[in-house]
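Protein chains get the first letters and strands the later ones, always in sequence-line order, with residue 1 at the start of each.
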There are 2 protein chains.
Amino acid sequence: MTRVLVVDDEPQITRALVINLKARKYDVDAASDGATALQLAAARHPDVVVLDLGLPDMDGVEVIKGLRGWTRVPILVLSARHSSDEKVEALDAGADDYVTKPFGMDELLARLRAAVRRAEPTGGGEDDVIVETAGFTVDLAAKKVHRDGRDVRLTPTEWHLLDVLVRNTGRLVGQKQLLQEVWGPSYGTETNYLRVYMAQLRRKLEVDPSHPKHFITEPGMGYRFER
Amino acid sequence: MTRVLVVDDEPQITRALVINLKARKYDVDAASDGATALQLAAARHPDVVVLDLGLPDMDGVEVIKGLRGWTRVPILVLSARHSSDEKVEALDAGADDYVTKPFGMDELLARLRAAVRRAEPTGGGEDDVIVETAGFTVDLAAKKVHRDGRDVRLTPTEWHLLDVLVRNTGRLVGQKQLLQEVWGPSYGTETNYLRVYMAQLRRKLEVDPSHPKHFITEPGMGYRFER
DNA sequence: GACGTCCTTGACGCAACCCTGATGCCCCGC
DNA sequence: GCGGGGCATCAGGGTTGCGTCAAGGACGTC
């Protein structure tokens, strides 16, 4: 199900959006200020963000920048301001679309669909979602790990971590990047999380967890997944 | 250079767009009807398409569908029609954005930039900068060094040093600059650090560490990396 | 309300890394 | 020939970072 984060300080607009979105089977979160928006985005990882620029606590453009610091989630800006400069500023800060109030709900939903569609994995279908190693098989799309003819159960956090590492197979992923992608942008120094969860992944996937062949530590820098 | 395909049957609009785009260093193709547009898109593979819906030979939505049959190139629709239905139809056919005439050139360009930015290779892309020498291979992005068919492990400080040197391949890098870039701005005279770490890099990477071919000392000045 | 799962947090031993000082070499100037 | 400065190399010690284990707490389920 597609998850939408709605950010607006006018209750009636939020209400209208939430009702319409839920009726169309979207999974909806709502925030009424920038801080909550950033927090929710980090916690819930929405597939698209609908953002009103006129927020009580911070400039909408700052919210855009805050999001763009760590995610490429589509951002659809909603604003009462028609000026060209406002639009340019928001778009160049990283917004994907800009709709002026008052807006037609049909149009907004169409633009939302367009934004979500764009962000979908490449339609070519040529990328291998399945990664095989000597010891186990990872299917990123199906969220399944197979080992010794059995499915391995992973917790959400373990999945998230594995996902980031596998998508960067062979490359070093910095500890800060890992923390931010898995735990959210406000993390970056809690390397003990990484230690604990890397240990769990190794215990579940490595043949000899204390001598890992696939989940490799680069001391002081980060971790690397090797097939 | 980014290539734009402009499709519009009104010469003055096409002209204005082409001039503005070329002034901003875009590579521009132009078509005045749908058939030419589809043909040019196939031949030139533009990075983004600006498409007027009111074409003489075919419905604009048909052009969108024709493009979407084989490419995900961003399509920015331009139209004189303000009706909500038109917008929804175009967006759902596969357009990425919809701008109504008359439009501000600044806004259009900003939306164009946003569309192009979105289409850029995803973070998980495989665009790695690899530097090769006679004895070893350095992949700066993946933080990998390959030598004699084996991966060489480097410590963070060694990496940092190698990074600065490789980025200045062939150029002399002063001792002070090296110290400040690797150890921080408050350093500048601790040349013994450099000696120790250059020795380690040579030991790990040079065929004959005591007669370096790639990490060259310039006495009294600094060091130089040669491929 | 009891249970289980998952995330967080702290403590401990151990290994890796960074800094430092000592020694010897080479090149250059005196 | 002699002395000195800059460089290469090596080895030791302090510090940091990592792996591991275990306990506490939040959350959802039955």
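- Residues that satisfy the side chain to side chain contact (heavy atoms under 4.5 Å, CB included) test with B:Val164, not counting sequence neighbours, are B:His160, B:Asn168, B:Val173, B:Leu178, B:Glu181, B:Val182.
- Atom pair B:Met198:CE and D:dT9:P shows a separation of 10 Å (rounding to whole Å applied).
- The nearest whole Å value for the distance from the CZ atom in B:Arg203 to the P atom in C:dC17 is 11 Å.
- If you measure from atom CG of B:Leu161 to atom P of C:dC19, you get 12 Å, rounded to the nearest angstrom.
- Taking the side chain to side chain donor-acceptor pair (under 3.5 Å) definition, one finds that A:Asp106 meets it with nothing, sequence neighbours left out.
- Here the P atom of nucleotide C:dA15 and the NE2 atom of A:His211 are 11 Å apart, to the nearest Å.
- The salt bridge (charged side-chain N to carboxylate O under 4.0 Å, His left out) check on B:Arg203 picks up nothing, with sequence neighbours excluded.
- Applying the salt bridge (charged side-chain N to carboxylate O under 4.0 Å, His left out) rule to A:Arg81 yields the partners A:Glu86; only residues at least two apart in sequence or on another chain are considered.
- Note on B:Arg202: only backbone sugar-phosphate atoms sit closer than 4.0 angstrom, heavy atoms only; bases stay farther off.
- In this structure, A:Ser210 does not reach the D:dG19 phosphate: none of its side-chain N or O atoms is under 4.0 Å from OP1 or OP2.
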Identify all side-chain donor-acceptor contacts of residues 19-26 of chain A below 3.5 Å with residues at least two apart in sequence or on another chain.
{"unit_1": "A:Asn20", "atom_1": "OD1", "unit_2": "A:Arg24", "atom_2": "NH1", "d": "3.2"}
{"unit_1": "A:Asn20", "atom_1": "ND2", "unit_2": "A:Ala16", "atom_2": "O", "d": "3.0"}
{"unit_1": "A:Arg24", "atom_1": "NH1", "unit_2": "A:Asn20", "atom_2": "O", "d": "3.1"}

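- One can place CG of B:Leu201 at 13 Å from P of C:dC17, the figure rounded to the nearest angstrom.
- Taking atom CG of B:Leu179 as the reference point, atom P of D:dC7 lies 11 Å away to the nearest angstrom.
- Judged as a ring-ring contact (aromatic ring centres under 6.0 Å, His included), and not counting sequence neighbours, the contacts of B:Phe215 are B:Phe225.
- Counting to the nearest Å, the P atom of D:dG17 and the CG atom of A:Leu194 are 13 Å from each other.
- B:His160 has its NE2 atom 17 Å from the P atom of C:dC17, to the nearest Å.
- The aromatic rings of B:His45 and B:Trp70 sit perpendicular, their planes meeting at an angle over 60°, well past the 30° parallel limit.
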Q: For nucleotides 24-30 of chain D, just jot down a letter per nucleotide in 5' to 3' order: B, S or -, based on protein non-hydrogen atoms under 4.0 Å.
A: -------
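- Listed by first and then second residue, the ring-ring contact (aromatic ring centres under 6.0 Å, His included) pairs involving residues 95-115 of chain A amount to none (not counting sequence neighbours).
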Pairs under 3.5 angstrom, nitrogen or oxygen only, protein versus nucleotides 7-12 of chain C, please.
{"unit_1": "C:dC7", "atom_1": "OP1", "unit_2": "A:Thr157", "atom_2": "N", "d": "2.9"}
{"unit_1": "C:dC7", "atom_1": "OP1", "unit_2": "A:Thr157", "atom_2": "OG1", "d": "2.3"}
{"unit_1": "C:dC7", "atom_1": "OP2", "unit_2": "A:Thr155", "atom_2": "OG1", "d": "2.7"}
{"unit_1": "C:dC7", "atom_1": "OP2", "unit_2": "A:Tyr197", "atom_2": "OH", "d": "3.2"}
{"unit_1": "C:dC7", "atom_1": "O5'", "unit_2": "A:Thr157", "atom_2": "OG1", "d": "3.4"}
{"unit_1": "C:dC7", "atom_1": "O5'", "unit_2": "A:Tyr197", "atom_2": "OH", "d": "3.0"}
{"unit_1": "C:dT8", "atom_1": "OP2", "unit_2": "A:Trp183", "atom_2": "NE1", "d": "2.7"}
{"unit_1": "C:dT9", "atom_1": "OP2", "unit_2": "A:Tyr193", "atom_2": "OH", "d": "2.1"}

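- Remark: of the listed residues B:Asp96, B:Leu76, B:Val116, B:Leu76 is the sole one forming a side chain to side chain contact (heavy atoms under 4.5 Å, CB included) with B:Arg111.
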Identify each atom pair where a protein N or O and an N or O of nucleotides 22-30 of chain C are less than 3.5 Å apart, giving names and distance.
none

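- Residues that satisfy the salt bridge (charged side-chain N to carboxylate O under 4.0 Å, His left out) test with A:Arg202, not counting sequence neighbours, are absent from this structure.
- If you check every strand for non-hydrogen atoms under 4.0 Å, A:Arg153 touches sugar and phosphate atoms only.
- Residues passing the side chain to side chain contact (heavy atoms under 4.5 Å, CB included) test with B:Pro156 are A:Met221, sequence neighbours excluded.
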